Amino acid sequence: MSANVYDELKERGFVAQVSDEEAVRKMLAAERVTFYVGFDSTATSLHAGSLVPIMAMVHLRRAGHRAIAVVGSGTTMVGDPSGKTEMRQMLEEATIRAQGQAILIQLARYLHFDGTSAIAVDNADWLLPLPYISFLRDIGRHFSVNRMLAAEAYKLRLEKGLSFIEFNYQLLQAYDFLTLFREYHCTMQMGGDDQWGNILAGVDLIRRVEGGAAEALTFPLLTTASGAKMGKTAQGAVWLDGALFSPYDFYQYWVNCDDRDVGRFLRIFTLLPLEEIRRLEELKDSGINEAKRVLAFEATKITHGELEAEKARQAAAAAFGKVGPAGGATGAKSDVIGDITVLPTTAVPRSRLEAGIALAGLFTEVGLTPSRKEAKRMIEQGGLYVNDERIDSIERLLTLKDLGPDGGLLLKAGKKKVHRIVPAD
RNA sequence: GGGCAGGUUCCAGAGUGGCCAAAUGGGACGGGCUGUAAACCCGUUGCGGAAACGCUUCGGAGGUUCGAAUCCUUCCCUGCCCA
């Protein structure tokens with residue numbers, strides 16, 4: 001059992017706040033610690049932001065500790081008001097349950113639940129049957145409304161309105177921790193920094209009710225250097241589910257990160273040794289793209305597997321390898337002219353190509369542009385390309401003549417969004 | 001339950017009968033410069049149309065009017081104050 005998991009986590013940037021740093025460090029060095037992280041069942045998939053707790057769990061588990069992943073179907077029915085401006089949309093119980101199941105399956109990919117060193121539970125199992133009055137008497141009496149109201153997490157909501165149901169969230173999360181403490185001797189809860197108050201409430205509750213000692217650790221809420229929330233793009237969340245967000249796009253998400261974020265991201269989202277990361281951080285100017293490719297490959301490998309990561313890498317190399325007629329300058333690395341066929345592809349009936357296809361429609365059809373109107377606008381602005389050649393007129397039709405030697409052709413929207421078209425008979 | 005103030009396009013926020021597809025700012029997107037980065041500069045930002053123009057939008061439903069985001073009725077929702 002490594003003596004330094006805590007220090008490793010800290011050095012990698014996983015630690016925002018800890019209840020008692022010395023106690024946690026000692027505990028993690030001396031014994032097999034059971035810890036937990038909760039995940040909301042608000043969607044059918046987790047997104048890139050959730051990788052922070054996931055990776056922390058992976059590190060701890062590798063160091064010999066026991067991980068409990070709690071899917072929060074019970075708490076999701078209530079909704080956490082912490083740091084939120086508005087009340088969360090109420091979801092149906094069946095929906096929440098189904099989403100919880102999906103998330104559990106997703107988590108299994110990283111944690112390989114075996115019932116002993118990685119355990120999966122759903123808090124709906126113990127929260128839903130709770131009897132109201134005895135819950136109030138046993139648990140509710142330990143909570144001070146005065147203190148809750150003073151908490152920073154509720155400040156926003158006191159201005160905008162906070163309903164009673166949400167006000168109970170903290171009690172439920174604290175009760176989760178108490179339950180896990182009792183059932184599994186779980187002594188540490190981790191979560192995003194916005195969960196600090198909720199986690200501490202659990203630590204307090206364990207002390208008051210059981211006289212037990214438990215610890216809290218939070219992760220920094222990552223934002224990108226440009227201020228955006230981690231794991232969000234203009235199109236929406238960076239889902240971990242390949243069906244919602246393709247491995248190729250996932251790979252590109254990391255490649256396109258801000259220079260300033262590369263080091264931080266390598267530490268958190270990859271398992272590369274720190275020495276290797278430090279070496280990559282030394283890269284400057286255009287060399288830093290090499291570090292980004294490593295980041296993208298490693299991160300994609302963890303979420304989608306090595307095969308998908310490799311495909312994504314090759315597709316990116318193909319799309320940005322500067323081999324097209326328009327690419328004057330030679331690309332940085334001409335080692336791999338990647339496999340172009342792994343790019344997102346749509347087959348179009350040959351007859352349509354014979355007749356000639358209006359481009360604005362086709363770009364929209366394959367999802368490169370949201371509407372024909374937008375596609376036309378982009379053509380006017382010189383933002384759409386066929387085989388790396390700028391489309392100069394909205395009259396332009398796509399025909400068989402556009403097919404390249406490989407039998408397909410490439411559509412580009414902007415410099416980065418690519419889609420391959422192949423004829424179908 | 002009573003009183004007051006509100007619900008506008010991705011967000012914030014103007015607009016109070018025609019000049020409104022709707023100011024301004026932010027965001028986003030495209031172009032330029034670069035390194036698939038940042039910063040900066042230019043442009044775009046409801047849908048359809050090559051265009052003329054048409055269509056759908058201002059919480060929901062109904063109504064007044066030649067004409068409504070703007071007026072009336074009613075319903076839903078939010079905030080504040082009082083109970």
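In what follows, every chain begins at residue 1, and chains take the letters A, B, ... in the order their sequences are listed. All values derive from a computational prediction rather than experimental measurement.
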Worksheet item: Please give, in whole Å, the distance from B:rA37 P to A:Glu290 CD?
Response: 16 Å
Practice prompt. Specify the residue among A:Gly383 and A:Glu380 whose closest nucleotide of RNA chain B lies further upstream toward the 5′ end.
Written response: A:Gly383
Worksheet entry | For atom NZ of A:Lys292 and atom P of B:rG35, their distance in whole Å | 12 Å
Worksheet entry | Check ion pair A:Glu21-A:Lys10 (N to O, under 4.0 angstrom) | yes
Worksheet item: Nearest-Å distance, CG (A:Asp259) to P (B:rU36)?
Response: 11 Å
Discussion item. For a side-chain hydrogen bond (donor to acceptor under 3.5 Å, both in side chains) check, start with the C-alpha distance between A:Gln252 and A:Asp249, then their side-chain angles and the critical distance, and finish with the verdict.
Written reply: CA-CA 5 Å; A:Gln252 283 297 307; A:Asp249 287 329; over 6 Å; no
Worksheet item: Side-chain donor or acceptor of A:Gln381 under 3.5 Å from a matching atom on the base of B:rG31?
Response: no
Worksheet item: Does B:rA28 have OP1 or OP2 sitting under 4.0 Å from an N or O in the side chain of A:Arg377?
Response: no
Discussion item. Quick check on the 6.0 Å ring-centre criterion: do A:Phe250 and A:His304 meet it?
Written reply: yes
Practice prompt. Please determine if a side-chain N or O atom of A:Arg390 lies less than 4.0 Å away from the OP1 or OP2 oxygen of B:rG32.
Written response: yes
Discussion item. Please tell me if A:Ser286 has a side-chain N or O lying less than 4.0 Å from either OP1 or OP2 of B:rU34.
Written reply: no
Discussion item. Nearest to the A:Met378 side chain among B:rG48, B:rC29, B:rU36, which nucleotide is it?
Written reply: B:rC29
Item to complete: Write down the distance separating the P atoms in B:rU8 and B:rA83, rounded off to the nearest Å.
Response: 31 Å
Worksheet, complete the sentence: Answer for the Watson-Crick or wobble partner of B:rC66, both distances under 3.5 Å, is B:rG18
Worksheet item: Reckon A:Ile288 touches a base, only the sugar-phosphate, or nothing at all at heavy-atom distances under 4.0 Å?
Response: base
Item to complete: Please report the C-alpha distance between A:Glu365 and A:Arg372 in whole Å, then the side-chain angles of each, then the deciding distance to 0.1 Å, and finally whether the salt bridge (Lys or Arg N to Asp or Glu O under 4.0 Å) criterion is met.
Response: CA-CA 9 Å; A:Glu365 203 179 308; A:Arg372 288 156 167 250; over 6 Å; no
Discussion item. From C-beta outward on A:Glu374, which listed nucleotide comes closest to its side chain: B:rA37, B:rG48, B:rC29?
Written reply: B:rC29
Worksheet item: When you check the phosphate oxygens OP1 and OP2 of B:rG49, does a side-chain N or O of A:Lys376 lie under 4.0 Å from one of them?
Response: yes
Item to complete: Could you state the atom-to-atom distance from CZ of A:Arg313 to P of B:rU36 in whole Å?
Response: 17 Å
Discussion item. Please report the distance separating the P of B:rC11 from the corresponding atom of B:rC76, rounded so that it comes out in whole Å.
Written reply: 25 Å
Fill in: Complementary nucleotide for B:rA38 - Watson-Crick or wobble, under 3.5 Å
none
Practice prompt. Please state the P separation for the pair B:rA39 and B:rU45 - nearest whole angstrom.
Written response: 23 Å
Fill in: Ring centre gap for A:Tyr36 and A:Phe177 strictly below 6.0 Å
yes
Worksheet entry | Separation of B:rC29 P from A:Leu368 CG (nearest whole Å) | 14 Å
Fill in: Complementary nucleotide of B:rG1, counting Watson-Crick and G-U pairs under 3.5 Å
B:rC82
Worksheet item: Does the base of B:rU36 carry an N or O that pairs as donor and acceptor with the side chain of A:Gln252 under 3.5 Å?
Response: yes
Discussion item. Less than 3.5 Å apart, any donor N or O on the side chain of A:Tyr251 or A:Ser246 sitting next to an acceptor on the other?
Written reply: no
Practice prompt. Can you see which heavy atom on A:Asp40 is nearest to which on A:Ile103, and at what distance?
Written response: O-CD1, 3.2 Å
Practice prompt. Between B:rC29, B:rG49, B:rU36, spot the one nearest the side chain of A:Ala316, thanks.
Written response: B:rU36
Discussion item. What's the gap between B:rU65 and B:rC72 when it is taken at their C1' atoms, as a whole Å value?
Written reply: 12 Å
Worksheet item: RNA chain B: A:Leu162 or A:Asn256, which has the more 5' nearest nucleotide?
Response: A:Asn256
Worksheet entry | Out of B:rG49, B:rA38, B:rC29, whichever nucleotide has its closest atom nearest the side chain of A:Asp258 | B:rA38
Practice prompt. Rounded to whole angstrom, note down the P distance from B:rG62 over to B:rU70.
Written response: 14 Å
Worksheet, complete the sentence: note: A:Lys373, atom NZ; B:rG54, atom P; distance rounded to Å ~ 13 Å
Worksheet item: How would you label the contact of A:Asp285 with the nucleic acid (heavy atoms, under 4.0 Å): base, sugar-phosphate, or nothing?
Response: base
Practice prompt. Please state whether the rings of A:Phe269 and A:Trp254 are parallel, tilted or perpendicular, taking 30° and 60° as the class boundaries.
Written response: tilted
Discussion item. Rounded to whole Å, how long is the line connecting atom CD1 of A:Ile379 with atom C1' of B:rU44?
Written reply: 14 Å
Discussion item. Does B:rC33 have OP1 or OP2 under 4.0 Å away from a side-chain N or O of A:Lys415?
Written reply: no
Worksheet item: So what does A:Tyr251 touch, heavy atoms closer than 4.0 Å: a base, only the sugar-phosphate, or nothing?
Response: nothing
Worksheet, complete the sentence: Under a 3.5 Å limit on both distances, the Watson-Crick or wobble mate of B:rA12 is B:rU24
Worksheet item: Can you find a side chain N or O atom of A:Tyr253 that sits less than 4.0 Å from OP1 or OP2 on B:rA37?
Response: no
Worksheet item: With both distances under 3.5 angstrom, what nucleotide forms a Watson-Crick or G-U wobble pair with B:rG6?
Response: B:rC77
Discussion item. Just the rounded figure in Å: distance from P of B:rU44 to CG of A:Leu384.
Written reply: 17 Å
Fill in: Separation of the P atoms in B:rA68 and B:rU56, to the nearest angstrom
12 Å
Worksheet item: Looking just at side-chain N and O atoms, do A:Gln106 and A:Ser45 make a donor-acceptor pair shorter than 3.5 Å?
Response: yes
Worksheet item: Taking OP1 and OP2 of B:rA37, is either one under 4.0 Å from a side-chain nitrogen or oxygen of A:Lys416?
Response: yes
Fill in: Distance between C1' atoms of B:rA14 and B:rU9 (Å, rounded)
13 Å
Discussion item. Strictly below 4.0 Å: does A:Arg260 bring a side-chain N or O up to OP1 or OP2 of B:rA38?
Written reply: no
Worksheet entry | C1'-based separation of B:rU78 from B:rG60 [nearest Å] | 15 Å
Discussion item. What's the closest nucleotide to the side chain of A:Lys417 if the choices are B:rA50, B:rC29, B:rC47?
Written reply: B:rC29
